[in-house]
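Worksheet for the structure shown next.
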Amino acid sequence: MDLRLYDTLSREKRVFTPLDPNNVRMYVCGPTVYDFAHIGNARPVIVFDVLYRLLRHLYGADHVKYVRNITDVDDKINARAAERNIPIRDLTEETYRNFKEDVAALGCLAPDVEPRATEHIAEMKTLIERLVASGHAYVAEEHVLFSVPSMPDYGQLSKRPLDEMIAGARVDVAPYKRHDQDFVLWKPSKESEPGWPSPCGIATPGRPGWHIECSAMSWKHLGETFDIHGGGIDLVFPHHENEIAQSRCAFHAGVMANYWLHNGFLQVEGEKMSKSLGNFVTIRDVLKDWPGEVARFNMLRTHYRQPIDWTVKGLEESWKTLDEFYAAAGDVADKGVSGEVLWALTDDLNTPQMIAELHRLRAEVHSGAAGAPEALAGSLRFLGFLRETTAQWAGRRQAASNIDVSKVEGLIQERTAARKAKNWTESDRIRDALAAMGVVLKDSKDGTTWEIAR
RNA sequence: GGCCACGUGGCGGAGUGGUGACGCAGCGGACUGCAAAUCCGCGUACCCCGGUUCAAUUCCGGGCGUGGCCUCCA
């Protein structure tokens with residue numbers, strides 16, 4: 001079964017061929033840890049978790065290495081720590097712990113390595129020294145800058161040819177830059193800012209620029225060239241473009257990663273998410289009102305490259321669908337992922353197609369097909385769902401609805417008595433009363449069951 | 001202004017040069033005391049205008065709309 005992935009660099013879907021099938025390597029840009037991650041940040045985390053699971057299935061769990069970095073040095077972090085009057089390290093550690101809890105609740109496996117920028121300063125400095133030595137970077141006023149004109153084919157990922165960028169430049173340019181598009185690899189730190197001994201004979205302590213950390217960490221943990229590099233589409237320029245420039249020039253390599261994958265943007269209720277619009281949603285906010293599996297499913301209903309509109313209506317629909325999957329396969333023993341689900345995923349992670357296959361399996365369960373519940377359960381668990389028992393799952397609805405269980409069961413007993421006496425008026429009155437409370441009844445030969453209206 | 005995406009039925013959302021994925025909602029039927037659940041059936045959708053073609057929602061050009069990026073910000 002060929003896996004095909006859309007590569008941003010070549011702008012086409014290509015069959016995935018790893019450099020080494022025994023060591024498939026993927027790097028994904030992780031969070032800058034200064035505050036709770038928002039729901040837009042959750043998208044790449046979930047999408048690349050699905051890809052990670054798929055790669056582990058195709059190549060074997062021991063033959064895949066997934067690296068997602070933690071950016072714990074950044075001016076936003078410095079500012080926030082100062083604002084809260086706490087040490088930087090406390091802020092980054094606290095934020096990282098929260099992030100880990102959030103993504104675990106979303107059903108994501110932990111990456112194999114979660115490297116921190118501050119633990120890779122030495123590698124960054126090595127890269128910077130190399131770039132300066134080979135003429136791809138220069139020192140100016142205690143900064144080290146990457147020289148964009150030193151790389152003739154700069155701009156291929158974002159399709160921004162150098163000459164057009166010069167024409168379009170309209171921003172104040174720092175006077176020490178030789179060229180408008182040159183970007184910072186290292187910058188001096190004030191005494192109040194975190195700093196490390198600088199490279200290239202610069203006396204003042206300094207700190208790394210935004211892009212160099214990913215070049216350093218992917219190098220350290222995956223090598224000079226690796227298979228997949230992922231992240232949000234907003235990172236294509238300048239972040240990934242500049243990573244490519246740094247890594248390729250430092251290693252004199254034609255490529256940094258063979259496949260560049262980017263997830264599309266997220267909107268909230270049809271609007272751009274922003275603090276000023278008051279629709280800024282953190283993962284934590286979502287998890288307060290919705291099970292993590294619902295959020296995860298909701299994210300996968302849209303193909304990862306499409307823009308997604310995050311809505312309450314969509315979440316409600318997702319919850320309902322998962323209810324049905326739990327009802328059909330909740331406590332069933334696993335029998336592995338179904339071939340159809342895999343087939344859908346190997347076509348550039350076509351998760352909507354995959355969900356259609358899940359619905360097909362569910363229909364097979366209802367029509368009594370042998371092995372269907374196991375196939376559905378196996379597929380859902382493969383994808384990070386069905387992590388609870390059916391009872392636990394049903395309890396989430398009850399917990400979210402403040403229903404008085406003993407009162408409900410008392411009314412059901414009264415109704416059962418009325419039905420036995422064929423007092424349909426009374427029995428329907430009780431059922432209507434329960435419906436008004438949000439409780440739906442199901443009568444069967446074995447008695448009456450109930451659940452929360454959905 | 002430049003570059004890059006996206007625009008599919010009431011809603012969500014795949015996909016394809018020629019028989020209307022899938023889900024939600026809705027409608028009809030079976031079942032049921034009546035319902036719910038389940039099962040069966042029901043939809044003449046591809047932003048607009050040109051072009052290519054025997055045939056375009058799908059390819060090409062233009063337009064309109066929405067979004068992203070273009071800044072050591074988020």
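Naming: A, B, ... by sequence-line order, numbering from 1 per chain. Computed from a predicted structure; not experimentally measured.
Residue Ile355(A) contributes atom CD1, which lies 12 Å from atom P of C24(B) at whole-angstrom precision. Rounded to whole Å, atom P of G68(B) lies 15 Å from atom CG of Asn263(A). As a whole-Å value, the separation of Asn242(A) CG from U71(B) C1' is 12 Å. Atoms CD1 (Ile308(A)) and C1' (G7(B)) sit 17 Å apart, rounded to a whole Å. Rounded to an integer number of Å, the gap from OH of Tyr6(A) to C1' of C6(B) is 12 Å. Rounded to whole Å, atom P of G23(B) lies 17 Å from atom CG of Asp323(A). As rounded to whole Å, 12 Å separates atom C1' of A5(B) from atom CD of Gln267(A). Distance, Asp75(A) CG to C73(B) P: 8 Å, rounded to whole Å.
Within the 6.0 Å centre-distance limit, the rings of Phe297(A) and Phe385(A) are counted as a close aromatic pair.
A gap of 33 Å separates the C1' atoms of C70(B) and U57(B), to the nearest Å. Spacing between U71(B) and C3(B) at atom P, rounded to whole Å, works out to 15 Å. Across the P atoms, A14(B) and G7(B) are found 9 Å apart, a figure rounded to whole Å. C59(B) and G15(B) have their P atoms separated by 12 Å, with the value rounded to a whole Å. Between C39(B) and U53(B), the two C1' atoms lie 45 Å apart (nearest whole Å). Spacing between G17(B) and C60(B) at atom C1', rounded to whole Å, works out to 13 Å. Between the P atoms of A55(B) and U19(B), the separation comes to 15 Å (whole Å). Remark: the separation of the C1' atoms in U52(B) and G61(B) is 11 Å, to the nearest Å.
The side chain of Gln353(A) lies closest to A14(B) when the candidates are A14(B), G33(B), C11(B). Considering only side-chain atoms of Asn350(A), the nucleotide from C11(B), U71(B), A14(B) that sits closest is A14(B). Among A25(B), A21(B), G33(B), the nucleotide with an atom closest to any side-chain atom of Arg360(A) is A21(B). When the nucleotides G15(B), G7(B), C24(B) are ranked by their closest atom to the side chain of Glu324(A), C24(B) comes out on top. Distance from the side chain of Val440(A) is smallest to A36(B) among C24(B), A36(B), C70(B). In this structure, of G12(B), C34(B), C69(B), it is C34(B) that holds the atom nearest to the side chain of Asp428(A). Nearest to the side chain of Arg11(A), among G33(B), C22(B), C4(B), sits C4(B). Here the side chain of Pro352(A) is nearest to one of A14(B), G23(B), C4(B), namely A14(B). Proximity note for Gln306(A) (side chain, C-beta onward) versus C22(B), G7(B), C34(B): the nearest is G7(B). Across G33(B), C24(B), U71(B), the shortest atom-to-atom separation from the side chain of Arg431(A) is found for G33(B).
Pair assignment for G26(B): C42(B), on the basis of Watson-Crick or G-U wobble contacts that are both within less than 3.5 Å. Nucleotide C69(B) has G2(B) as its partner under the Watson-Crick or G-U criteria, with both atom distances under 3.5 Å. The pairing partner recorded for C31(B) is none, the criterion being a Watson-Crick or G-U wobble arrangement whose two distances lie under 3.5 angstrom. C54(B): Watson-Crick or G-U partner is G18(B), with both key distances under 3.5 Å.
Because its NZ or CZ atom is not both nearer than 6.0 Å to the ring centre of Tyr27(A) and within 45° of the ring axis, Arg68(A) does not count as a cation-pi partner of that residue. Geometrically, Arg14(A) engages Tyr259(A) in a cation-pi contact defined by less than 6.0 Å to the ring centre and at most 45° from the axis. Figure legend: Arg178(A) and Tyr138(A) shown as a cation-pi pair, the cationic atom lying under 6.0 angstrom from the six-membered ring centre and within 45 degrees of its axis.
Between the side chain of Asp309(A) and the base of G12(B), no donor-acceptor pair under 3.5 Å is found.
Closest-nucleotide positions on RNA chain B for Lys13(A) and Ser427(A) were compared, and the one nearer the 5' end corresponds to Lys13(A). The nearest heavy atom of RNA chain B to His303(A) and to Ser444(A) marks one nucleotide each, and the one closer to the 5' end goes with His303(A).
Taking a cutoff of 4.0 Å between a charged side-chain nitrogen and a carboxylate oxygen, Arg80(A) and Asp74(A) do not qualify as a salt bridge.
Side-chain N/O atoms of Thr302(A) include one lying less than 4.0 angstrom from OP1 or OP2 on G13(B). Dashed line: the shortest gap from a side-chain N or O of Lys272(A) to OP1 or OP2 of G68(B) is under 4.0 Å. The side chain of Lys159(A) contributes no N or O atom lying less than 4.0 Å from OP1 or OP2 of C69(B).
Residue Tyr34(A) is classed as a sugar-phosphate contact, given heavy-atom separations below 4.0 Å to backbone atoms only.
G68(B) has no base stacking with the ring of Phe265(A) when judged by centroids under 5.5 angstrom apart and an interplanar angle below 30°.
Ser147(A) and Asp182(A) share no donor-acceptor pair across their side chains, judged by distance under 3.5 Å alone.
Listed here is the closest heavy atom pair of Arg362(A) and Leu376(A): CA-CD2, 4.0 Å.
To the nearest 0.5 Å, the span separating CH2 on Trp260(A) from OG on Ser158(A) amounts to 11.0 Å.
Remark: Glu317(A) engages Arg301(A) in a salt bridge (charged side-chain N to carboxylate O under 4.0 Å, His left out) (not counting sequence neighbours). Contacts of Glu426(A) classified as salt bridge (charged side-chain N to carboxylate O under 4.0 Å, His left out), with partners at least two apart in sequence or in another chain: Arg429(A).
Within residues 361-382 of chain A, the residues that have a heavy atom under 4.0 Å from RNA chain B are, in order of number, Arg362(A), His366(A).
The aromatic rings of His136(A) and Phe146(A) sit parallel, their planes meeting at an angle under 30°, below the 60° perpendicular limit.
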